[in-house]
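To start, the structure under review is shown below, and the notes come after it.
Bear in mind the structure is a predicted one, so any value in this text is a computation, not a measurement.
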Amino acid sequence: MEQHYKLERVRELADNDEDFIKTLAEAFLEEVPEDAERLKKAVAEKDYHTAYQAAHKMKPTVDLFELGVLDTLIEVQDWGKFTKTDLDITNQLEIVITAVDNAVAEIKSDFNI
């Protein structure tokens, strides 16, 4: 439990209300994988604007669940925001996607979702 994510800030936000914590976990599972796929597609297609939007949308949740890749996600976001055509962002993207995939699998297991 909580190897690839942390619930400390989630518990604080939810005031230790277990139902609300589970609701936040469900929201994570509903939103973040979808945004991550959108981000992967945008980077592959060099769609800077969509990459920026997807990464920007993911930031608060990735931060709340403390996936440990916020700075890397911001690098990907800035790649899109500033249209950094001279930068290969695929390594940073892969780090973010791996962290999201690991957290998704663990949250599903931990919350029996």
Any donor-acceptor pair under 3.5 Å from Lys46 side chain to Ala42 backbone: no
NE2-CG distance between His56 and Asp78, expressed to the nearest 0.5 angstrom: 11.0 Å
Audit row: Lys22, Ile113, side-chain contact (heavy atoms from CB on, under 4.5 Å) steps and yes/no: CA-CA 9 Å; Lys22 185 172 183 180; Ile113 301 174; 4.1 Å; yes
From CG (Asp15) to CZ (Phe20), nearest 0.5 Å: 10.5 Å
Point-to-point distance, once rounded to the nearest 0.5 Å, from CG of Leu93 to CG of Leu73: 9.5 Å
Flag side-chain contact, heavy atom, 4.5 Å: Phe28 against Val104: yes
Cationic N near anionic O, under 4.0 Å, Glu37 to Lys40: yes
Ser109 side-chain N/O to Ala105 backbone N/O, donor-acceptor pair under 3.5 Å: no
Glu31 side chain near Asp35 side chain, heavy-atom distance below 4.5 Å: yes
Close side-chain approach of Val32 and Phe65, heavy atoms under 4.5 Å: no
Nearest atoms (heavy-atom pairs only) where Ile74 meets Lys59: CG1-CD, 3.7 Å
Within-4.5 Å side-chain heavy-atom neighbours: Ile89 and Gln92: yes
Smallest separation among heavy atoms of Tyr48 and Lys84, with atom names: CE2-N, 4.1 Å
hydrophobic_cluster_shared for Phe82 and Met58, side chain cutoff 4.5 Å: no
Taking every non-hydrogen atom, the tightest pair across Leu87 and Trp79: O-NE1, 3.1 Å
Where Arg38 and Ala54 come nearest, the two heavy atoms and their spacing: NH2-N, 3.9 Å
Hydrophobic cluster identity match, Val100 and Val69, side-chain contacts under 4.5 Å: yes
Over 12 non-hydrogen atoms of neighbours within 6.0 angstrom of CD in Glu34: no
Side chain proximity check, Ile21 to Asp17, heavy atoms < 4.5 angstrom: no
His4 vs Leu67 side-chain heavy atoms within contact, under 4.5 Å: no
Min side-chain heavy-atom separation His49-Gln53 under 4.5 Å: yes
Side chains of Arg11 and Glu18 in contact at under 4.5 Å (non-hydrogen atoms): yes
Spacing of OG1 belonging to Thr72 relative to CD1 belonging to Ile97, to within rounding of 0.5 Å: 11.5 Å
Lys/Arg N to Asp/Glu carboxylate O, Glu45 vs Lys41, below 4.0 Å: yes
Set of side chain to side chain donor-acceptor pair (under 3.5 Å) partners for Asp110, sequence neighbours left out: Tyr5
Spatial distance of atom CG (Leu70) from atom CG (Asp63) [nearest 0.5 Å]: 5.0 Å
Inter-residue atom distance Leu7.CG - Phe111.CZ, 0.5 Å rounding: 4.5 Å
